[in-house]
Number of protein chains: 2
Amino acid sequence: MGTIYDLAKKTGFSITTVSKALNNYKDVSEKTRAKILQAAAEMDYLPNAHAQSLSTKRSWAIGVMFSEANEVGMKHPFFNGIIESFRHATEEHGYDLIFASRNLRNRDMSYLEHFKHRAVDGIVVICSDRMDEQVQELMQSDIPFVVVDMDSANCSVVYSDNTEGARMAVNYLYELGHRAIAHIAGDSSIDAGAARVKGYELAMHALDLPIQPGYLVNAGFFSVEEGKQAMEQLLQLSSPPTAVFVAGDQMAIGAIEAVHEHGLRVPEDISVIGYDDIEMIKYITPKLTTIRQDTDEIGEAAAELLIEQMTAKERRTERRTERRVIPVRLIERASCAPVKK
Amino acid sequence: MGTIYDLAKKTGFSITTVSKALNNYKDVSEKTRAKILQAAAEMDYLPNAHAQSLSTKRSWAIGVMFSEANEVGMKHPFFNGIIESFRHATEEHGYDLIFASRNLRNRDMSYLEHFKHRAVDGIVVICSDRMDEQVQELMQSDIPFVVVDMDSANCSVVYSDNTEGARMAVNYLYELGHRAIAHIAGDSSIDAGAARVKGYELAMHALDLPIQPGYLVNAGFFSVEEGKQAMEQLLQLSSPPTAVFVAGDQMAIGAIEAVHEHGLRVPEDISVIGYDDIEMIKYITPKLTTIRQDTDEIGEAAAELLIEQMTAKERRTERRTERRVIPVRLIERASCAPVKK
DNA sequence: CCTCTTCCCGAAAGCGCTTTCGGTAACTTG
DNA sequence: CAAGTTACCGAAAGCGCTTTCGGGAAGAGG
């Protein structure tokens with residue numbers, strides 16, 4: 001590999017000139033630049049990123065931070081789609097992603113601290129819980145960052161249009177003739193959960209449909225098991241709903257399971273519509289009708305906002321906090337049907 | 001934040017002493033160490049990782065490399081499980097993971113080059129294709145690395161016991177009374193694909209079962225769609241199998257779809273057993289019986305091998321290449337049944 | 001022919017940290 | 001009390017790179 005010194009020795013120029021040639025400074029002649037580049041190629045020279053960062057104060061690295069609550073980390077079927085798209089988008093600009101541990105030579109530290117230690121240029125946070133400590137800490141700092149999947153006035157955020165998505169779901173069910181529409185909701189401490197509840201309520205109200213007692217059930221944190229339990233509650237009701245809008249696909253899977261276990265069929269006896277459009281629901285029976293969140297869009301938007309902030313910081317412009325709400329789409333599959341007469 | 005200089009000024013000691021105090025050198029008195037640590041805490045001092053790496057030649061970072069072929073990257077339902085477990089295991093030792101782009105200031109480069117540039121301490125490769133250029137390149141280098149999901153004599157590898165898993169699948173089907181057992185295989189350029197074919201053949205032979213013409217179909221690269229097409233081929237046969245061992249869960253999902261579209265039922269008319277045990281198959285109908293690969297184990301083993309290599313290198317011991325084969329397990333669900341008379 | 005630009009190049013300082021090598025003061029030991 | 005240890009601390013070099021600033025050579029202009 002070798003260093004810039006070796007290159008200098010080999011070509012006979014000073015390290016200054018070598019560095020300039022490598023970095024496209026204009027005050028080095030074409031001839032010598034060519035020589036240097038040539039030599040660099042011959043000896044497989046690669047600049048040392050640490051040395052570069054040290055002297056430029058720019059690391060070309062972005063820290064990725066999953067919220068504590070999400071133990072699943074990169075296994076999460078929705079979040080990993082976002083990260084993948086984010087990765088693509090930032091890669092084009094030359095950034096690397098770094099997943100930090102919270103462990104520095106066996107000393108415990110916050111993610112933020114670790115990222116400062118690593119001197120990342122920016123941070124992307126995948127977090128739904130606005131009370132998350134790590135995020136709070138971030139807000140105090142002056143590192144560029146963007147958070148995905150929650151709303152906040154104090155930082156750049158991107159999330160999808162949950163309220164609108166919920167309305168679309170309810171309206172769709174309504175058009176199929178359903179009037180007894182329940183909602184299996186995510187916890188309200190999660191922005192997305194709260195927003196979808198709001199959308200549900202708004203839509204019901206706009207359609208002049210009362211929300212019957214017991215029709216709005218909080219199923220917690222979007223797991224299959226919780227969805228199943230919630231549906232069981234609904235099924236116990238004296239007049240169960242004919243359709244239910246479930247705030248997440250995983251919960252919807254559980255809900256369908258519950259329906260089946262009660263000897264009923266989806267969608268013949270009860271229609272179910274989910275939220276997210278994760279990969280697997282195309283393969284369950286029945287294929288789940290759902291509201292698709294555009295993970296590609298979300299990841300790209302997050303990348304855009306973050307890069308904007310990072311370059312702004314370099315230019316010492318003030319930090320702009322921007323909110324980006326990504327539209328959602330109804331994906332019709334086979335889990336909803338017209339209401340039985 | 002501040003640097004070590006600020007700390008020195010604040011405490012009145014030299015930067016040498018400060019550095020030593022921070023790094024637990026024994027030639028600094030307890031009293032001054034305490035003072036320095038105290039001051040460090042007060043000013044939220046954090047060492048700069050780049051500076052440290054520059055002078056110690058150790059970056060505490062591990063590069064993650066997905067093979068080219070796998071466009072899905074971290075969305076892959078099997079690989080992301082491995083990475084997640086790998087991350088946990090390495091985190092405990094203080095390592096961070098870095099996902100590199102192949103783009104360095106708009107110059108294209110190989111992953112290896114990029115990782116050299118970043119001066120990672122080691123690399124984990126998720127790759128099934130032994131002919132992958134990037135992996136070949138790695139073998140020539142002297143960076144510690146471990147590759148997951150393929151076999152090779154020239155480097156440390158970890159993968160699960162594919163041949164044995166295939167035998168388990170076939171034997172299980174046999175015990176259910178099946179004799180007409182087909183195999184939907186992954187491409188042989190993939191180690192896992194080849195090994196499972198071998199296990200299938202071995203098991204069939206051991207059971208004295210001939211492999212009927214057309215019963216071994218190469219379905220390519222483990223996608224749902226390819227699995228579906230393969231199953232359709234099998235269904236065209238004059239005497240179709242009563243059971244099929246599919247080399248991957250995603251392909252199995254496709255296979256089941258094909259069976260259903262032909263108006264047949266799984267497992268009543270035809271039994272299907274998959275491979276991998278990815279998350280979603282618990283939720284399809286019927287729940288898929290499969291051979292589980294222990295992603296947790298695999299990730300941990302990979303971490304262990306890599307860390308071993310990295311510390312060995314530090315000690316200047318020679319590189320040991322080790323092979324770790326992780327056992328698999330049959331998970332009985334609902335997609336296999338005794339053969340019809 | 002002399003001055004003023006323009007074009008190239010290099011010396012040197014600096015980024016924040018580690019580590020070797022000495023050196024001083026205090027403490028033993030015979 | 002002299003000589004030998006031990007305990008602490010610091011000067012300085014070095015890791016590999018960037019960037020400012022100044023200076024020499026060559027070309028332009030009068």
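Every value quoted in this text rests on a predicted model; they were computed, and no experiment measured them. Per chain, numbering begins at 1; letters A, B, ... match sequence-line order.
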So, do [X] and [Y] sit near enough that their side-chain heavy atoms are less than 4.5 Å apart?
X: B/H88; Y: B/E92; value: no
X: A/F115; Y: A/M109; value: no
X: B/I83; Y: B/V148; value: no

Candidate pair B/S19 and B/T16, rule side chain to side chain donor-acceptor pair (under 3.5 Å), full reasoning: CA-CA 5 Å; B/S19 172; B/T16 306; over 6 Å; no
Under-4.0 Å side-chain N/O to phosphate OP1/OP2 contact, A/Q52 with D/dT18: yes
D/dA7 phosphate, OP1 or OP2, under 4.0 Å from B/Y25 side-chain N/O: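 For D/dA7, OP1/OP2 do not have a side-chain N/O of B/Y25 under 4.0 Å.
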Sugar-phosphate or base contact per nucleotide [nucleotides 8-15 of chain C; S, B, -; heavy atom under 4.0 Å]: BBBBB-BB
From CA spacing to verdict: side chain to side chain donor-acceptor pair (under 3.5 Å), A/Q140, A/Q136: CA-CA 7 Å; A/Q140 315 298 342; A/Q136 298 296 330; 5.2 Å; no
Atom-pair distance ([atom1] on [X]; [atom2] on [N]), nearest Å:
X: B/R118; N: D/dC17; atom1: CZ; atom2: C1'; value: 14 Å
X: A/K9; N: D/dG16; atom1: NZ; atom2: P; value: 12 Å
X: A/K116; N: C/dG16; atom1: NZ; atom2: C1'; value: 17 Å
X: A/L7; N: D/dT18; atom1: CG; atom2: P; value: 11 Å
X: A/H117; N: C/dC17; atom1: NE2; atom2: C1'; value: 12 Å
X: B/N23; N: C/dG16; atom1: CG; atom2: P; value: 17 Å
X: B/L22; N: C/dT19; atom1: CG; atom2: P; value: 13 Å

Five-pair end axes of the helix from C/dC1-D/dG30 to C/dG30-D/dC1, angle between them (10°): 40°
Criterion side chain to side chain donor-acceptor pair (under 3.5 Å) on B/D149 and B/S128, from CA distance to verdict: CA-CA 5 Å; B/D149 207 42; B/S128 311; 2.7 Å; yes
NZ/NE/NH1/NH2 to OD/OE distance under 4.0 Å, B/E113 and B/K116: no
Exercise: do A/Q309 and A/S156 side chains pair donor with acceptor under 3.5 Å: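 Yes, side-chain donor-acceptor contact under 3.5 Å.
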Parallel, tilted or perpendicular: rings of A/H76 and A/F79 (30°, 60°): parallel
